[in-house]
**Student:** 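I am attaching a structure below and will ask some questions about it afterwards.
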Amino acid sequence: QKLFHLSQRALASKGYLETVTWSFTHSKIDKQFSKGEKEISIFNPISSDLDVLRRSIFSNLAIHLKKNQDRGHEDLSIFEIGPTFFGKNPGEQQIVVGGLKSGKINRKSWLEKERNIDVFDVKSDVIKTLEEIGIEQKDLFVSANTKNCYHPGRSGTLMLNKSVKVGYFGELHPKILNSYKIKSRINIFEVFLDDVPFLKKKST
């Protein structure tokens, strides 16, 4: 819970709005964001578009992004902290912080020139967030290997001491953007709270 609240405050201070969504999602959408985990179907789902447990935090965030863009809200910074599932048994889940950023910076400013949000903005946000929950920047390393839902040339993996994967950042893959009929670039990041060993120790 301490990590949960630290992450909340860190992202809220950077202008992100928190969303709270179901842990269920649409199987077709969930498949786009998975990295090969087995699909977890729900018996007697409450609706046909909530038929699986989510394997990615972005399965529902992407839906909310599209709804907001359809209503004319282009400049968005939203996040969610919650479980993602890699099995149906107790404990086969992890707590993930997921953030999504779209649109422009300084769109309404008369002092600074507006510009499109890019991958370096989410990289900065996720690194600062990790610092604020206890990781030193000097211990973080970036590698180019990310999941299939990320743009292969505009994304990275954050490694702690070159051995523990603590997050991803980058642009959403163009194929996913096309499937949602989203024309602008969308930048996202993830932080895996359960995969940072000394944060667990710190929170006790």
**Student:** Identify the heavy atoms of Ser155 and Thr146 that sit nearest to each other, and give their distance.
**Tutor:**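 Between these two residues, the closest heavy atoms are OG-OG1, 2.9 Å.
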**Student:** Do Leu193 and Met159 belong to the same hydrophobic cluster, where Ile, Leu, Val, Met, Phe, Trp and Tyr are linked whenever their side-chain heavy atoms lie under 4.5 Å apart, directly or via other members?
**Tutor:**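 Result: no, two separate clusters.
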**Student:** How long is the span from the CG atom in Leu100 to the CZ atom in Phe189, to the nearest 0.5 Å?
**Tutor:**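 Output value for this atom pair is 9.0 Å.
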**Student:** Under the rule for salt bridge (charged side-chain N to carboxylate O under 4.0 Å, His left out), what residues qualify as partners of Asp121, not counting sequence neighbours?
**Tutor:**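 Once residues adjacent in sequence are excluded, the partners of Asp121 under the salt bridge (charged side-chain N to carboxylate O under 4.0 Å, His left out) criterion are Arg115.
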**Student:** Could you list the donor-acceptor pairs under 3.5 angstrom formed by side chains in residues 170-179, with sequence neighbours left out?
**Tutor:**
| from | atom 1 | to | atom 2 | distance (Å) |
| --- | --- | --- | --- | --- |
| Glu171 | OE1 | Arg154 | NH1 | 3.3 |
| His173 | ND1 | Lys175 | N | 3.1 |
| Asn178 | ND2 | Pro174 | O | 3.3 |
| Ser179 | OG | Gln32 | NE2 | 2.8 |
| Ser179 | OG | Ile176 | O | 2.6 |

**Student:** Using only heavy-atom distances, determine whether the side chains of Ser47 and Asp49 contain a donor-acceptor pair under 3.5 Å.
**Tutor:**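 There is such a pair (donor and acceptor under 3.5 Å, judged by atom type) between the side chains of Ser47 and Asp49.
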**Student:** Centre of Tyr16's six-membered ring, under 6.0 Å away, within 45 degrees of the axis: is that where NZ or CZ of Lys101 sits?
**Tutor:**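 Yes; both conditions hold, so Lys101 lies above the ring face of Tyr16.
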**Student:** Donor-acceptor pair, Asp194 side chain versus Ile95 backbone, under 3.5 Å?
**Tutor:**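 Checked: pair present.
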**Student:** Have Thr25 and Asn60 got a donor and an acceptor in their side chains that come within less than 3.5 Å?
**Tutor:**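 Result is yes, a qualifying pair exists.
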**Student:** Other than Ile42, which residues form its hydrophobic cluster under the rule that side-chain heavy atoms must be closer than 4.5 Å?
**Tutor:**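 Hydrophobic cluster check, Ile42: joined to Trp22, Phe24, Ile40, Ile46, Leu50, Leu53, Phe85.
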**Student:** In terms of hydrophobic clusters joined by side-chain contacts under 4.5 Å, are Ile133 and Ile127 together?
**Tutor:**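 In one cluster: yes.
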**Student:** Would a single hydrophobic cluster contain both Phe4 and Val166, if residues Ile, Leu, Val, Met, Phe, Trp and Tyr are joined by side-chain heavy-atom contacts under 4.5 Å?
**Tutor:**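 Same hydrophobic cluster.
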**Student:** Checking side-chain contact (heavy atoms from CB on, under 4.5 Å) for the pair Leu6/Thr129: CA distance, chi angles, key distance, verdict?
**Tutor:** CA-CA 9 Å; Leu6 281 172; Thr129 297; over 6 Å; no
**Student:** Once you round to the nearest 0.5 Å, how far does CD1 of Ile188 lie from CG of Leu65?
**Tutor:**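 The CG atom of Leu65 is 10.5 Å from CD1 of Ile188, to the nearest 0.5 Å.
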**Student:** Under 3.5 Å, is there a donor-acceptor pair between the side chain of Asp51 and the main chain of Ser27?
**Tutor:**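 Yes, the answer is positive, given that a donor and an acceptor are paired below the 3.5 Å cut-off.
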**Student:** To the closest 0.5 Å, what do you measure between CD (Gln8) and CG (Leu11)?
**Tutor:**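 It is 9.0 Å, given to the nearest 0.5 Å.
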**Student:** For side-chain contact (heavy atoms from CB on, under 4.5 Å), just list the numbers for Ser7 and Glu132, CA-CA rounded to whole Å, side-chain angles, deciding distance to a tenth of an Å, and then say yes or no.
**Tutor:** CA-CA 8 Å; Ser7 302; Glu132 288 166 25; over 6 Å; no
**Student:** Is there a path from Phe79 to Leu61 through hydrophobic residues (I, L, V, M, F, W, Y) whose side chains come within less than 4.5 Å of each other?
**Tutor:**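 The answer is no; the residues belong to distinct hydrophobic clusters.
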**Student:** Hey, are the side chains of Arg71 and Lys67 touching, using non-hydrogen atoms and a 4.5 Å cut-off?
**Tutor:**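 Yes. Closest side-chain heavy atoms under 4.5 Å.
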**Student:** To the nearest 0.5 Å, what is the distance between CG (Asp30) and CD (Glu39)?
**Tutor:**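 Interatomic distance, Asp30 CG to Glu39 CD, rounded to 0.5 Å: 7.0 Å.
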**Student:** Taking salt bridge (charged side-chain N to carboxylate O under 4.0 Å, His left out) as the definition, give me every residue that meets it alongside Lys147, ordered by chain and number, with sequence neighbours left out.
**Tutor:**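 Checked Lys147 against salt bridge (charged side-chain N to carboxylate O under 4.0 Å, His left out); matches are Glu190.
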**Student:** Hey, could you give me each pair passing ring pair (Phe, Tyr, Trp, His ring centres under 6.0 Å) that has a residue in residues 133-170? Not counting sequence neighbours.
**Tutor:**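 Qualifying pairs, neighbours excluded: Tyr150-Tyr168, Tyr168-Phe192.
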**Student:** Mind listing the closest non-hydrogen atom pair of Glu92 and Gly87 along with its distance?
**Tutor:**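 In terms of heavy atoms, the two residues are closest at OE1-CA, 2.9 Å.
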**Student:** Indicate, with yes or no, if Ile186 and Ile63 share a hydrophobic cluster defined by side-chain heavy-atom contacts under 4.5 Å among Ile, Leu, Val, Met, Phe, Trp and Tyr.
**Tutor:**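 Cluster IDs for Ile63 and Ile186 match.
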**Student:** Residues in salt bridge (charged side-chain N to carboxylate O under 4.0 Å, His left out) with Lys88, at least two apart?
**Tutor:**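 Result, salt bridge (charged side-chain N to carboxylate O under 4.0 Å, His left out) vs Lys88: none returned.
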**Student:** Do Lys14 and Ser77 come close enough that some side-chain heavy atom pair is under 4.5 Å?
**Tutor:**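 Lys14 does not reach Ser77 side chain to side chain.
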**Student:** Would you say Asn148 has more than 12 foreign heavy atoms packed within less than 6.0 Å of its CG?
**Tutor:**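 12 or below, so no.
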**Student:** Check side chain to side chain contact (heavy atoms under 4.5 Å, CB included) between Glu114 and all other residues, then give those that pass, not counting sequence neighbours.
**Tutor:**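 Applying side chain to side chain contact (heavy atoms under 4.5 Å, CB included) to Glu114 gives Lys104, Arg107.
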**Student:** Hey, are Glu74 and Gln69 close enough side-chain-wise for a donor-acceptor pair under 3.5 Å?
**Tutor:**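 No.
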**Student:** Going from CG on Asp75 to CG on Asn116, what distance comes out if it is rounded to the nearest 0.5 angstrom?
**Tutor:**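 Nearest 0.5 Å value for the CG-CG distance: 9.5 Å.
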**Student:** Which of these, Ile81, Val96, Val97, Ile135, sits in a side chain to side chain contact (heavy atoms under 4.5 Å, CB included) with Val191?
**Tutor:**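 Filter result, single survivor: Val97.
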**Student:** Among residues at least two apart in sequence or on other chains, which ones pass side chain to side chain contact (heavy atoms under 4.5 Å, CB included) with Lys38?
**Tutor:**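 Scan of Lys38 (side chain to side chain contact (heavy atoms under 4.5 Å, CB included), adjacent residues dropped) gives none.
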**Student:** Once rounded to the nearest 0.5 Å, what's the spacing between atom OG of Ser56 and atom CD of Glu37?
**Tutor:**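 Output value for this atom pair is 8.5 Å.
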**Student:** Report yes if some heavy atom in the side chain of Glu136 is under 4.5 Å from a heavy atom in the side chain of Asp139; otherwise report no.
**Tutor:**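 In contact.
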**Student:** Contact between Lys66 and Ile182 at the side-chain level, heavy atoms closer than 4.5 Å - yes or no?
**Tutor:**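 Yes - at least one pair of side-chain heavy atoms lies under 4.5 Å apart.
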**Student:** Write out all pairs satisfying ring pair (Phe, Tyr, Trp, His ring centres under 6.0 Å) with one or both partners inside residues 32-65, taking only residues at least two apart or from two chains.
**Tutor:**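 Every candidate ring pair (Phe, Tyr, Trp, His ring centres under 6.0 Å) pair involving residues 32-65 fails, so no pair, neighbours aside, qualifies.
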**Student:** Would you find a donor on one side and an acceptor on the other, under 3.5 Å apart, between the side chain of Asn161 and the backbone of Ser163?
**Tutor:**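 Looks like no, no N/O pair under 3.5 Å.
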**Student:** Is there any salt bridge (charged side-chain N to carboxylate O under 4.0 Å, His left out) pair reaching into residues 76-87, and which pairs are they, with sequence neighbours excluded?
**Tutor:**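 Applying salt bridge (charged side-chain N to carboxylate O under 4.0 Å, His left out) to every pair that reaches into residues 76-87, excluding sequence neighbours, yields Arg54-Glu80.
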**Student:** How does the hydrophobic cluster around Ile117 look, that is, which other residues are in it when side-chain heavy atoms under 4.5 Å mark a link?
**Tutor:**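 Members other than Ile117 - counting any ILVMFWY side chain reachable under 4.5 Å - are Ile105.
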**Student:** Could you list who else is in Phe86's hydrophobic cluster, with ILVMFWY side chains joined at under 4.5 Å, directly or through other members?
**Tutor:**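 Besides Phe86, the cluster holds no residue at all.
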